[in-house]
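Written below as structure tokens is the structure these notes are about.
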Amino acid sequence: MHLLLVDGSGYIFRAFHALPPLNRKSDGLPVGCVQGFCNMLYKLTTDMDEGEPPTHMAVIFDHSGKTFRDTIYSEYKAHRPPAPEELVPQFPLTRSATRAFSIPAIEMEGWEADDIMATYACMARDAGWKVTIASSDKDLMQLVEPDGSIRLLDTIPRPGQPPLRWIGPNEVLTKFGVTPDKVIDVQALCGDSVDNVPGVPGIGVKTAAELINTYGDLETLLSRAEEIKQPARRQKLIDNAELARISKQLVTLERKVPVDIDLDGLLRQPIDPSTLFPFLKAMEFATITKRLGNLLEADPDLFEPDPELRAGGTRDIGAPKKSADLSVAKAKLAANVVPGTGPARFAAEEHARIKAIPVNYDAYEIISTPEQLAACIARIVDRGHFAIDTETTSLDAQQAELVGVCLSTAIGEGCYIPIGHSKAGDLLEGGGLVDGQLPARDVLAALKPVLEDPSILKIGQNVKYDMEVFVRHGITMAPIDDTMLISYALDGPQYNGLDILANHWLDHKTITFGELAGTGKARKTFDQLEIAPAARYAAEDVDVTLRLWHVLKPRLAAENATALYETLERPLAPVLARMETRGITVDRQILARLSGDFAQRAAAFEAEAHELAGEKFNLGSPKQLGEILFGKMGLEGGTKTKTGAWATGADVLEDLAAKGVPLARTIVDWRQLTKLMGTYTDALPGYIHPETGRVHTSYSQASVLTGRLSSNDPNLQNIPVRTEDGRKIRSAFVAPQGKVLVSADYSQIELRVLAHIADIQALKDAFEEGLDIHAMTASEMFGVPVEGMPSEVRRRAKAINFGIIYGISAFGLSNQLGIERSVAGEYIKTYFERFPGIKDYMDSQRARVKVDGFVTTLFGRKIQFPNANSGNPSERAFVERASINAPIQGTAADIIRRAMIRMEGELKKAGVEADMLLQVHDELIFEVPEGTEDQAIPVIKRVMETAAEPAVRLSVPIQVDAHAARNWDEAH
DNA sequence: GCAAGGACGTA
DNA sequence: GTACGTCCTTGCA
């Protein structure tokens with residue numbers, strides 16, 4: 001008899017890092033480990049059959065939950081990060097795979113797979129059988145028998161090695177330095193950082209083996225510890241004897257698990273094609289299906305894919321999970337995906353297939369009866385995923401009224417459900433609703449269950465918008481996938497809109513909103529449109545969205561962008577949706593008072609300017625101003641812009657003012673005040689929502705090259721702060737009664753990132769010691785002590801530090817500091833000398849962008865520069881500077897994204913009430929109940945400061961400063 | 001009515 | 001020297 005035990009859980013975890021990522025091609029479900037697992041079972045059944053074929057077989061899995069080890073030692077396996085997101089759906093699938101191969105899948109509550117395997121192995125050995133354990137887990141090495149009756153077989157795929165590798169007593173000796181029966185004693189001493197088994201601190205495998213080989217076993221060693229010569233080692237063993245004993249209990253496998261199935265129950269069964277092939281076909285494993293077809297001499301084509309498991313079935317493929325750690329990204333980068341094979345080929349084939357399906361407007365459907373609606377929802381439930389789009393009266397999700405909902409469950413389909421199309425009315429009264437529409441309440445009530453069903457994936461283009469519309473109707477959409485964000489993760493912001501994506505990937509021109517609703521003054525809102533043309537437009541959009549999803553999603557796996565999308569894009573969208581929905585309170589009175597004040601002062605400046613110029617002119621016209629300054633007044637030193645106009649920017653005017661031209665100063669002052677009025681004091685009140693009374697910005701998650709967010713309508717990321725008048729505007733952002741605002745900002749995040757990425761020891765040391773980084777730089781460069789340093793010296797160093805981040809040039813630095821080009825060049829040279837590593841970093845980025853056409857952030861975000869090899873020298877120089885800046889700015893952006901994604905959950909876990917309202921690149925603004933800020937701030941700081949972990953361990957400390965106050969100016 | 005350019009607010 | 005969005009004027013349709 002020969003028993004084969006397969007370590008199912010161990011295989012999945014190890015194979016995950018060893019195998020290239022692979023998604024099921026029709027819906028992106030990650031299945032790489034499942035496929036590897038099936039290949040392994042196939043290998044075991046074929047290769048082993050050549051030697052001594054197993055007569056009995058089982059696959060053993062870990063059961064989730066606590067085991068007896070947790071009661072012995074509460075920290076056991078406490079360091080384990082949660083399973084990577086892509087792995088989670090593969091756990092149940094490997095069990096399904098096992099059953100598909102007609103092999104018992106065994107797991108038992110309260111026991112680890114290792115204990116169950118130990119139990120069966122000992123039972124079989126005692127019965128005189130041979131035992132093979134397919135596992136590379138070192139914890140199982142204690143079971144190996146010197147006589148070969150129990151052996152391990154390593155089945156984890158490793159490049160350049162045979163698929164199956166035996167582990168016997170010799171291999172155990174190599175690994176632990178002892179015979180198998182003493183493995184647990186060695187493990188008790190050296191511990192295990194992966195499982196968090198403590199061991200004796202400071203004793204590694206080698207020392208442990210030496211000690212055990214000298215004293216025979218752990219207890220003898222501990223009782224004779226006094227005899228050990230080395231004093232440090234002796235003391236460690238005496239002090240930690242108990243820890244060693246606990247460790248031994250943790251690593252010792254239980255060999256008497258009360259198993260339900262006896263050995264006879266593990267007798268091998270012939271594979272049943274009618275269970276095997278439906279599974280393999282549902283997984284879309286073509287190669288292995290073919291191989292097993294040959295092996296079993298059966299025709300796979302006779303079987304249909306398992307309906308429970310087929311693509312888009314009811315399986316949950318989208319529920320939000322804990323973020324994957326960097327090992328995902330690293331494994332993928334290491335996977336070295338070759339175009340034309342594996343996932344890359346899938347993606348290419350899928351693209352070609354989808355692109356070939358023509359758009360057919362006649363196939364679209366308008367839902368006007370409850371029966372049609374019910375049928376549509378039944379299709380959604382059956383498919384498990386669908387594309388959705390809302391049609392509304394406004395681009396502003398907070399103001400938009402729902403006019404229709406459009407759904408697509410399959411390519412070529414589109415169901416438009418009109419609910420808010422209105423008859424033309426007069427000015428005072430709307431004309432009521434057009435006939436033939438289901439009541440909005442009924443439609444929303446019917447959609448709510450599927451929109452909130454965690455097992456049904458909702459696919460959209462810019463889904464954040466639809467989420468916000470639905471949440472105003474009491475519906476929380478989840479889980480979601482977003483074609484815009486997938487495209488952004490893959491290609492950056494270059495193609496954003498649905499129309500552009502459709503044109504680029506599907507070679508299809510969609511109906512534009514302008515064609516449908518008119519442009520300019522004649523533009524109708526969606527509710528004023530006829531249902532039929534509106535339905536065509538809407539249905540085409542969801543159809544195209546679903547097609548794009550099929551094209552783009554497989555590219556994530558093919559192009560190593562899954563981790564980026566899953567950890568930094570997809571989970572952020574709902575967070576932003578909630579921030580936008582919350583909005584922030586802006587005090588109308590403060591703005592009104594400021595506006596009056598600014599207007600008066602601006603009027604005075606305007607009169608003064610006319611006086612000084614000797615004529616009336618439009619101060620807002622750079623053209624007129626240039627003609628007055630450099631034409632009429634004949635001033636020297638005017639420069640022209642690239643279009644030939646006189647340059648009249650603030651820097652030019654400051655120069656003139658310094659040379660004694662009072663008009664220039666007047667204009668600068670006037671411009672500042674009118675800017676503040678036009679952009680802030682006059683414009684912001686118009687953004688106060690009539691119902692919430694708050695200002696709701698909209699964040700764009702997919703429009704910045706480096707991975708930053710941008711904010712618009714209104715832009716709340718450029719609220720003034722530098723000037724005194726500007727800060728008065730900031731003070732109009734307030735907390736409501738009973739609350740305070742908390743502002744938490746990263747200190748010098750980009751310089752810290754630079755210190756880490758470029759590995760600049762001097763910078764790292766300075767941050768570690770908490771020094772004033774600009775003063776330190778100045779001191780290094782100019783040899784001036786930090787004590788009593790003139791502010792001008794520090795200012796120069798600060799400008800240089802920023803310059804470095806921006807991809808410094810002598811030209812730029814000389815402009816910034818108002819110094820000679822040659823002097824600026826000397827500064828840069830000195831900087832490179834004082835901070836070796838900076839130049840190497842810059843050169844490496846310049847080289848990368850020329851070779852690859854992109855650079856990357858620490859978290860794997862690619863920043864593309866298509867014209868890195870442009871024939872235009874100034875364009876090339878620009879790309880060089882941008883490619884130096886992008887990894888720094890982008891890594892900082894990735895870090896704060898991670899903080900935002902974790903923030904709400906951590907606040908909740910800590911029992912702290914705090915609403916995240918705004919993000920300003922390196923700053924987060926919260927609204928917190930007054931008096932609780934001291935509880936909120938430490939949590940906020942911790943989440944932000946540890947946001948890079950565990951994916952990246954920065955070699956510099958991250959520091960966050962946080963303050964609470966009634967308004968944003970004081971909190972900042 | 002719309003797009004481009006200049007200017008300027010932020011990190 | 002990097003990354004954005006908005007306001008205003010200008011010039012052309």
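Residue numbering restarts at 1 for every chain, and letters A, B, ... go by the order of the sequence lines. Quick caveat: nothing in here was measured; it's all calculated off a predicted structure.
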Write down the distance between [atom1] ([X]) and [atom2] ([N]), rounded to a whole number of angstrom.
{"X": "A:Gln889", "N": "C:dA3", "atom1": "CD", "atom2": "C1'", "answer": "4 Å"}
{"X": "A:Gln701", "N": "C:dC4", "atom1": "CD", "atom2": "P", "answer": "15 Å"}
{"X": "A:Glu880", "N": "C:dA3", "atom1": "CD", "atom2": "P", "answer": "14 Å"}
{"X": "A:Tyr680", "N": "C:dC7", "atom1": "OH", "atom2": "P", "answer": "9 Å"}
{"X": "A:Asn801", "N": "C:dG1", "atom1": "CG", "atom2": "P", "answer": "18 Å"}
{"X": "A:Gln624", "N": "C:dG11", "atom1": "CD", "atom2": "C1'", "answer": "14 Å"}
{"X": "A:Glu750", "N": "C:dG1", "atom1": "CD", "atom2": "C1'", "answer": "13 Å"}
{"X": "A:Ile729", "N": "C:dT6", "atom1": "CD1", "atom2": "P", "answer": "16 Å"}

Step-by-step side chain to side chain donor-acceptor pair (under 3.5 Å) determination, A:Asp682 to A:Ser595: CA-CA 7 Å; A:Asp682 292 348; A:Ser595 198; 2.3 Å; yes
Ring centers of A:Tyr827, A:Phe782 separated by less than 6.0 Å: yes
Using a 4.0 Å heavy-atom cut-off, does [X] contact any base of the nucleic acid, only the sugar-phosphate backbone, or nothing at all?
{"X": "A:Ala824", "result": "nothing"}
{"X": "A:Leu813", "result": "base"}
{"X": "A:Ser703", "result": "sugar-phosphate"}
{"X": "A:Ala650", "result": "sugar-phosphate"}
{"X": "A:Ser809", "result": "base"}
{"X": "A:Arg671", "result": "sugar-phosphate"}
{"X": "A:Gly803", "result": "base"}
{"X": "A:Ile884", "result": "nothing"}
{"X": "A:Ala647", "result": "sugar-phosphate"}

Is it the case that more than 12 heavy atoms not belonging to A:Glu615 sit under 6.0 Å from its CD atom?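 Result for CD/A:Glu615: enclosed.
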Once salt bridge (charged side-chain N to carboxylate O under 4.0 Å, His left out) is applied, what residue pairs with a partner in residues 665-676 of chain A remain, sequence neighbours excluded?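 Residue pairs with at least one partner in residues 665-676 of chain A: A:Glu654-A:Arg665.
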List the residues meeting ring-ring contact (aromatic ring centres under 6.0 Å, His included) with A:Tyr687, not counting sequence neighbours, and say none if there are none. none
Testing A:Gln717, A:Arg708, A:Arg897 for side-chain hydrogen bond (donor to acceptor under 3.5 Å, both in side chains) with A:Gln919, which one passes?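 By the side-chain hydrogen bond (donor to acceptor under 3.5 Å, both in side chains) criterion, A:Gln919 pairs with just one of A:Gln717, A:Arg708, A:Arg897: A:Gln717.
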Does a side-chain N or O from [X] land closer than 4.0 Å to OP1 or OP2 of [N], or not?
{"X": "A:Ser711", "N": "C:dC4", "answer": "no"}
{"X": "A:Lys675", "N": "C:dC8", "answer": "no"}
{"X": "A:Asn618", "N": "C:dC8", "answer": "no"}
{"X": "A:Arg881", "N": "C:dT2", "answer": "yes"}

Specify the residue among A:Phe811 and A:Thr679 whose closest nucleotide of DNA chain C lies further upstream toward the 5′ end.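 The 5'-side residue here is A:Phe811.
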Taking atom types as modelled, is there a side-chain donor on A:His696 or A:Glu468 under 3.5 Å from an acceptor on the other?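 A:His696 vs A:Glu468: no donor-acceptor pair found between side chains.
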Does A:Lys623 make a cation-pi contact with A:Trp646 (under 6.0 Å, within 45 degrees of the axis)? no
What is the first contacted nucleotide of DNA chain B and what is the last, in 5' to 3' order, if contact means an atom lying under 4.0 angstrom from a heavy atom of chain A?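 Contact span on the strand: B:dG1 to B:dA11.
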